[in-house]
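Predicted model, so just to flag it, every value in this text is computed and none were measured. Numbered from 1 within each chain, the chains take letters A, B, ... in sequence-line order.
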4 protein chains.
Amino acid sequence: MTKLELQKKKTRDREATRQKLLHAAVKVFATQGYEGATTRAIADEAGVAEALIQRYFNGKQGLLNASLKDFADFEKLSCSNLPPPVPTLDAEWKSLLLSAVENCAHNKQNLNVAMSQATFDRNFGRSMAKFLESNRAPALAERLKKHVADGSLPANTDLEALSHGLALTMLGIGYLGQVVMKLDPKMIQRIVTALSKAYSSK
Amino acid sequence: MTKLELQKKKTRDREATRQKLLHAAVKVFATQGYEGATTRAIADEAGVAEALIQRYFNGKQGLLNASLKDFADFEKLSCSNLPPPVPTLDAEWKSLLLSAVENCAHNKQNLNVAMSQATFDRNFGRSMAKFLESNRAPALAERLKKHVADGSLPANTDLEALSHGLALTMLGIGYLGQVVMKLDPKMIQRIVTALSKAYSSK
Amino acid sequence: MTKLELQKKKTRDREATRQKLLHAAVKVFATQGYEGATTRAIADEAGVAEALIQRYFNGKQGLLNASLKDFADFEKLSCSNLPPPVPTLDAEWKSLLLSAVENCAHNKQNLNVAMSQATFDRNFGRSMAKFLESNRAPALAERLKKHVADGSLPANTDLEALSHGLALTMLGIGYLGQVVMKLDPKMIQRIVTALSKAYSSK
Amino acid sequence: MTKLELQKKKTRDREATRQKLLHAAVKVFATQGYEGATTRAIADEAGVAEALIQRYFNGKQGLLNASLKDFADFEKLSCSNLPPPVPTLDAEWKSLLLSAVENCAHNKQNLNVAMSQATFDRNFGRSMAKFLESNRAPALAERLKKHVADGSLPANTDLEALSHGLALTMLGIGYLGQVVMKLDPKMIQRIVTALSKAYSSK
DNA sequence: CATGAATGAGAGTTCATTCAT
DNA sequence: GATGAATGAACTCTCATTCAT
């Protein structure tokens with residue numbers, strides 16, 4: 001057994017315990033909501049003592065903040081990890097929608113926590129908007145630029161608005177359709193295809 | 001005042017109190033969430049005694065159910081109240097998106113309550129999906145049909161999927177963009193315009 | 001049964017419940033100290049639900065404040081209820097010490113609460129001093145004045161200081177000796193007599 | 001360094017740590033009270049790990065016992081360290097009161113801990129009384145004896161009671177007046193002088 | 001031996017609900 | 001029928017103590 005493995009087996013490992021709590025928190029917040037979640041349930045899920053929530057996160061609210069931070073980090077990452085560019089507009093549109101579907105599925109717990117927070121906390125809603133405006137939309141606009149250049153989109157296209165619209169469509173399908181309403185995955189695929197095709201219709 | 005009139009007045013008062021509570025509940029549930037809302041806050045908002053929640057709605061949960069019923073009724077109504085048809089596809093698209101923006105703005109409290117419920121209650125999420133599939137999407141498909149007929153949309157268009165996609169886009173912009181993220185109304189307009197245009201680009 | 005008696009028997013009587021809690025609190029604070037007392041113990045002692053402490057006193061701290069207010073009221077009263085004046089200095093001294101012993105015995109729970117609070121809360125200690133300076137000592141000085149006039153006390157007696165000293169002696173015997181150390185009542189009497197005599201010795 | 005020296009050093013360190021904890025405990029108990037003090041606060045004040053309280057004192061209660069022992073030792077010492085005798089009764093009285101003021105000021109933390117303990121622990125209150133009766137009062141009586149002999153005090157003076165009264169007066173001024181109420185030091189001096197003079201008035 | 005991670009019991013408080021008036 | 005006093009369960013958080021390292 002290597003030293004690293006031994007390290008991993010320690011029963012008193014600050015960071016490991018912190019992570020156990022954080023993951024449990026995201027899971028419980030995602031399914032019960034912040035107010036509906038109890039610290040007891042989170043601690044049980046993590047398999048550690050409830051008191052450690054105070055020790056490591058300064059209470060339930062701190063645990064929520066840490067969860068939201070997690071989400072923000074993931075979102076930032078997903079902006080720089082867009083799928084590779086493709087030549088035609090409808091293929092691009094499809095590829096981006098599909099990656100959103102993928103991302104939302106993968107990150108659905110964090111999404112639930114964040115969206116719920118955005119719903120009930122004015123400030124968080126606004127900071128989510130800011131992120132959309134400063135990060136997500138610009139990254140998408142960058143992708144769509146060349147389709148204006150090659151004439152697939154009109155020269156006077158409002159790229160900023162279009163990329164916002166695309167981002168919201170991504171969330172509409174990936175989050176509302178897939179995560180919240182739990183639409184059949186096949187239907188999700190058909191929706192993505194249908195929308196993409198509609199964009200290339202003459 | 002006759003005995004009958006007295007009876008009627010009483011009934012009216014009962015109903016008035018019930019409505020006061022229901023409206024207060026929607027407001028408080030919408031801003032605090034179900035778990036975050038207290039029966040005390042709701043009663044205060046309604047200006048009546050807390051105990052009446054038990055009497056009239058059989059408790060907090062009953063009040064939520066009544067609130068959700070309210071939302072469902074509104075949604076059903078909005079399906080039969082779509083804006084008048086317009087000849088071109090992009091105008092149709094724009095008109096539908098705009099009506100969604102309008103609807104969501106008018107109904108944002110109920111939307112918050114319902115979306116939050118859908119997030120944390122598997123069954124409610126599914127019933128929302130069912131409504132989308134059985135009511136909303138068919139109503140939209142009906143609208144798009146003629147644009148297939150006139151060639152604006154390809155003959156092999158998956159109308160069912162496209163109308164689902166449109167419905168989710170409407171929610172993405174009207175609810176997530178407008179209500180949750182509180183995007184600037186001007187930006188919302190630009191988004192609607194940009195998306196609509198993109199769908200008619202050659 | 002008179003209406004008043006019926007009133008007293010009400011099982012839901014705001015003021016009566018408040019008083020039950022307040023008395024229980026003084027008793028428990030007096031025997032366990034503020035920190036040592038639990039709201040559960042106080043509620044049990046009062047025979048009512050713990051939650052009423054929040055309702056009526058805004059929490060444990062509020063209950064303490066109410067208890068201290070009780071004490072302050074009693075103290076104010078006791079200043080205006082000094083024993084009747086007597087002609088000789090040693091009789092006066094004895095009478096005042098005896099009344100202090102009596103008062104402290106009667107009010108020992110409140111005294112415990114207040115003294116403990118004074119010990120650990122700088123501000124309360126100071127406000128107790130202020131009370132001594134502004135109320136208690138002046139009241140005693142008033143009593144001693146005539147003994148300066150009749151020559152029992154020297155003309156240049158520092159009456160302000162002497163009355164402070166008397167007040168502290170009263171507390172030393174009545175509170176520390178009697179309440180805290182629980183000296184034998186007979187010994188308390190002997191102490192009072194001995195001290196009084198010493199003041200008239202030639 | 002020899003093994004023996006190492007051993008000695010270790011012992012010194014052990015003892016030093018114990019003392020650090022003990023002093024920290026007295027300080028924290030004195031300002032927060034026993035129940036209000038947390039082992040964490042004490043350990044922080046001492047600059048050592050919380051767990052050492054268990055090791056060295058067998059828990060928080062043991063730390064309190066050790067603190068009280070400290071106080072008892074000091075008290076015993078102070079009985080044999082009375083100020084030098086003086087010829088006149090009023091000078092004696094003043095000298096003893098002044099020494100009490102001095103002692104209380106020096107020992108105020110221990111006094112706070114002990115008095116608080118006496119207030120809430122019947123047994124400790126009684127053992128304080130026992131100490132008063134067996135040590136403090138006899139020591140004072142010894143001092144006052146000669147003033148009976150020289151006629152400053154009546155022949156039939158109840159010396160035992162008078163010395164008890166003096167001891168309580170000393171605490172009344174030195175502890176209650178000075179430590180608890182934090183009376184102005186100048187006022188304390190005036191009180192001592194006024195009381196002493198009152199004892200020599202004809 | 002000292003550390004600090006971990007624990008469990010219990011603290012004060014909140015809240016939906018019940019019930020006497 | 002409406003009120004608000006009363007309740008008990010459950011919540012978050014604190015703290016003395018235990019124990020692996």
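- Atom OH of B/Tyr56 and atom P of E/dT17 are 17 Å apart (whole Å).
- Side-chain atoms of B/Arg40 stay outside donor-acceptor range of the base of E/dA16, with no qualifying N/O pair under 3.5 Å.
- Across all strands shown, F/dT21 forms a Watson-Crick or G-U wobble pair with E/dA2, both key distances being under 3.5 Å.
- Here the side chain of B/Glu50 is nearest to one of E/dA16, F/dT18, E/dA6, namely E/dA16.
- Taking atom CG on C/Asp44 and atom P on E/dG12, their separation rounds to 12 Å, with Å as the unit.
- Nearest to the side-chain atoms of B/Arg55 among the listed nucleotides F/dA2, F/dC13, F/dT17 stands F/dA2.
- From B/Lys60, atom NZ reaches atom CD of B/Glu50 across 10.5 Å, with rounding to the nearest 0.5 Å.
- The line from OG of B/Ser116 to CZ of A/Phe120 is 3.5 Å long, rounded to the nearest 0.5 Å.
- In this structure, the CD atom of B/Gln54 is 14 Å from the C1' atom of F/dA6, given to the nearest Å.
- With distances taken from any side-chain atom of C/Arg14 to the nucleotides F/dC11, E/dA16, F/dA5, the minimum falls on F/dA5.
- Remark: C1' of F/dG4 and CZ of C/Arg18 are 17 Å apart, rounded to the nearest angstrom.
- In this structure, CG of C/Leu63 is placed 11 Å from P of E/dG12, rounded to the nearest angstrom.
- Nearest-nucleotide positions on DNA chain F for C/Gly47 and A/Ala51 put C/Gly47 closer to the 5' end.
- Closest-nucleotide positions on DNA chain E for C/Thr38 and B/Asn58 were compared, and the one nearer the 5' end corresponds to C/Thr38.
- Formation of a donor-acceptor pair under 3.5 Å by the D/Asn107 side chain with backbone atoms of D/Asn110 is not found in this model.
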**OP:** Would you please test D/Asp73 and D/Lys69 for salt bridge (charged side-chain N to carboxylate O under 4.0 Å, His left out) and show each step?
**Re:** CA-CA 6 Å; D/Asp73 292 346; D/Lys69 183 69 169 45; 3.5 Å; yes
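- If you find the closest nucleotide of DNA chain F to D/Ile53 and to B/Ala49, the one lying nearer the 5' end belongs to B/Ala49.
- Along DNA chain E, the nucleotide nearest to D/Val48 and the one nearest to C/Tyr34 differ in position, and the one closer to the 5' end is contacted by D/Val48.
- Taking every side-chain heavy atom of D/Leu52 into account, E/dT3 is the closest of E/dT3, E/dG12, F/dA2.
- Nearest heavy-atom pair across B/Ala49 and B/Ala43 is C-CB, 4.1 Å.
- B/Ala37 comes within contact range of the sugar-phosphate backbone alone, with a heavy-atom separation under 4.0 Å but no base atom that close.
- In this structure, CG of A/Asp13 is placed 10 Å from C1' of E/dA5, rounded to the nearest angstrom.
- For the pair A/Phe57 CZ and F/dC13 P, the computed distance is 13 Å after rounding to whole Å.
- Rounding to whole angstrom units, CG of residue D/Leu21 and P of E/dA2 are separated by 10 Å.
- You'll find that the side chain of D/Thr39 is closest to F/dT17, out of F/dC13, E/dA6, F/dT17.
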